[in-house]
Amino acid sequence: MARSGTRLAVDRTVPGLIVKIGAYPLHHGGVGAIRSLGRLGVPMYAVTEDRYTPAAVSRYLSGRFVWPTTGREEPERLVAGLLRIGRRIGRPTVLIPTDEEAAVLVAEHAGALAGAFLFPRVTPGLPRRLASKQGLHALCAEHGVPSPAAAFPASYADVEAFARQARFPVVAKNREAFVRRTRPAVAGTTWIGGPGQLLDLARDWGPRPGVILQEYLPREQAEDWIVHACFAPGGAPLALFTGVKVRSWPPHAGMTACAYVVDNPGLAQRTARFAARIGFAGIADLDWRFDRRDGQYKLLDFNPRMGAQFRLFENAAGVDVLRALHLDLTGRAVPGGAQPAGHRFVVENVDLPALLAYRGGRRTPHTPVRATGTELAWFAGDDPLPFLAMLARSVGPGARHLRELRRAGRRARTEAPPTQGEGPK
């Protein structure tokens with residue numbers, strides 16, 4: 001169901017630009033952003049890997065800039081590329097990062113980018129700290145925000161010492177933005193069942209392991225909550241939404257496959273207080289896990305950029321986090337309104353294997369019995385080509401990719417233990 005917010009008084013003379021660093025062409029968040037502002041008449045542009053990504057074929061895209069990047073480029077080269085794009089657009093444009101690397105780049109080179117682009121100004125090093133697992137852990141400790149216990153080994157000897165005293169299972173995650181693209185220690189969030197498995201993995205991590213080893217919060221004793229927000233300078237919320245994650249892919253880790261809007265005023269207040277204390281401005285996507293063992297919400301991720309499932313949330317006035325950002329940066333008021341509790345978001349290409357993996361499991365607490373409406377990540381009747389492009393790229397000849405997803409889902413259901421999430425969500 002496509003919601004429009006057509007009554008919003010947006011400035012249609014100010015375009016938006018989707019900025020991404022690295023190759024991930026099947027990103028429904030970018031498609032959602034193009035549709036969100038494009039449906040209001042805002043000209044939308046995007047950096048794409050090629051001419052045929054789902055984002056590149058949206059009817060709401062005014063122009064694409066084919067610019068494959070890896071995250072290994074020098075920052076000055078990336079900034080120069082953005083400035084060339086800015087000159088081609090020819091007018092001040094709202095920057096919309098879809099990954100941590102892009103968010104860090106914009107914050108740390110704000111002076112060079114400010115003439116051509118509009119974006120929230122924050123302390124230059126803050127997005128890098130938030131995107132860093134170690135930096136976020138330190139910020140949580142500094143401001144009294146609960147987070148899972150974690151260790152940050154600096155050598156193989158540190159890993160050996162951790163293995164001798166740790167309580168398993170644990171999860172390993174790449175520690176820093178950019179490093180996860182240039183020298184990834186693990187492919188993604190990795191569940192580790194015991195000391196032997198940890199030491200085997202660590203032999204490939206090099207002399208300075210770029211990982212965080214984090215306490216595992218058992219799924220049976222926890223609930224996964226998501227918060228999407230847009231903050232004004234200083235941390236005051238312009239739009240703030242809460243929901244529960246029902247399924248993810250890979251199972252119990254990674255991107256959201258299905259989620260619901262669920263009111264949680266206490267969690268919203270916790271998030272707003274933390275954002276104000278650290279002075280964050282702009283769009284954020286947070287993952288919290290409620291640990292029933294001690295009754296605490298523990299912060300797993302604070303992504304200083306738009307989350308891929310942000311279109312789950314839109315208030316009664318038609319405001320989502322991206323529309324709030326555009327309104328604020330162009331000097332417009334941001335209308336308030338209640339969030340539509342019970343609304344559902346489904347990522348079609350990954351929720352099918354996720355359903356197989358979660359089949360027979362316990363029902364996620366707080367999940368509504370019936371959805372009040374559904375937002376699909378890919379398919380939209382007014383913009384069908386991104387869905388078709390997604391199918392063409394993800395299925396392929398003989399439906400090999402879909403069969404692999406189904407096999408992986410069956411393996412996850414019968415063999416793999418649950419893990420905690422990271423990565424584009």
Side-chain angles (χ1 to χ4, degrees), residues 1-5 8 10 16-20 24 26-40 42 44 46 54-55 58 60 94-100 102-103 119-120 130 224-231 237-246 248 254-262 267-268 271 275 280-288 301-315 317-329 334 337 339-340 343-348 350 373-378 380 383 386 421 423-425:
M1 181 181 71
R3 298 164 287 167
S4 67
L8 294 175
V10 297
L17 173 66
I18 307 298
V19 182
K20 61 193 307 187
Y24 52 101
L26 294 184
H27 187 250
H28 53 275
V31 173
I34 291 165
R35 289 170 174 166
S36 176
L37 290 178
R39 285 175 176 140
L40 304 184
V42 174
M44 291 299 294
S58 171
Y60 292 107
V94 173
L95 282 182
I96 306 165
T98 61
D99 52 64
E100 286 82 351
F119 50 88
L130 292 169
D224 288 323
W225 288 83
I226 53 178
V227 177
H228 286 232
C230 181
F231 297 100
L238 298 167
L240 201 159
F241 306 99
T242 60
V244 292
K245 185 187 297 187
V246 177
S248 56
M255 73 169 68
T256 299
C258 179
Y260 286 81
V261 178
V262 177
L267 184 58
T271 301
F280 182 78
I283 296 176
D285 165 22
L286 293 83
D287 285 335
W288 294 84
D301 289 298
F302 189 124
N303 302 298
R305 43 79 178 165
M306 180 192 78
Q309 71 276 19
F310 83 99
R311 281 297 299 157
L312 167 64
F313 302 107
E314 181 181 299
N315 71 17
V319 173
D320 61 28
V321 294
L322 182 55
R323 291 170 176 176
L325 179 72
H326 191 279
L327 288 165
D328 186 61
L329 289 175
V334 181
Q339 63 176 16
H343 198 76
R344 177 174 61 178
F345 184 81
V346 173
V347 185
E348 303 96 309
V350 297
T374 298
E375 180 90 7
L376 297 176
W378 292 109
D383 188 29
K425 294 181 289 298

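As the structure is a prediction and not an experimental result, all values here were calculated from the model.
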Next on the checklist: Using the rule given for side-chain contact (heavy atoms from CB on, under 4.5 Å), can you reason through Y24 versus D99, listing the C-alpha separation, both sets of side-chain angles and the distance that settles it, and then say yes or no?
Outcome noted: CA-CA 10 Å; Y24 52 101; D99 52 64; 2.4 Å; yes
Heavy atoms only: give me the nearest [X]-[Y] pair and the separation to one decimal.
X	Y	result
V350	A257	CG2-CB, 3.9 Å
M306	G30	CE-N, 4.3 Å
G16	V42	N-CG1, 4.1 Å
A317	N315	N-OD1, 2.8 Å
L238	V334	O-CG1, 3.7 Å
T374	H343	N-CE1, 3.8 Å

Next on the checklist: List the residues meeting side chain to side chain contact (heavy atoms under 4.5 Å, CB included) with A103, not counting sequence neighbours, and say none if there are none.
Outcome noted: P97, P304, R305
Got a second to check how far [X]'s [atom1] is from [Y]'s [atom2], nearest 0.5 Å?
X	Y	atom1	atom2	value
L312	Y260	CG	OH	10.5 Å
T98	K20	OG1	NZ	5.5 Å
R323	C230	CZ	SG	13.5 Å
C258	R344	SG	CZ	6.0 Å

Are [X] and [Y] packed together at the side-chain level, in the sense that at least one heavy-atom pair is separated by less than 4.5 angstrom?
X	Y	result
F231	T271	yes
P386	R35	yes
H326	L40	no
I96	L37	yes
F310	D285	no
W225	V262	yes
E314	P340	no
I226	D287	yes

Checklist entry - Between H228 and F313, what is the ring plane arrangement, given parallel below 30°, perpendicular above 60°, and tilted in between? => result tilted
Next on the checklist: In terms of relative ring orientation, are F345 and H28 parallel, tilted or perpendicular, with 30° and 60° separating the classes?
Outcome noted: tilted
State whether the side chain of [X] and the backbone N or O of [Y] hold a donor-acceptor pair below 3.5 Å, judged by distance alone.
X	Y	result
Q339	T242	yes
D320	L322	yes
R311	E375	no

Item to check | Chi angles and distances behind the side-chain contact (heavy atoms from CB on, under 4.5 Å) call for W288, V227 | outcome: CA-CA 8 Å; W288 294 84; V227 177; 3.8 Å; yes
Checklist entry - After noting the C-alpha distance and the side-chain angles of V347 and Q309, does the key distance pass the side-chain contact (heavy atoms from CB on, under 4.5 Å) rule? => result CA-CA 8 Å; V347 185; Q309 71 276 19; 5.9 Å; no
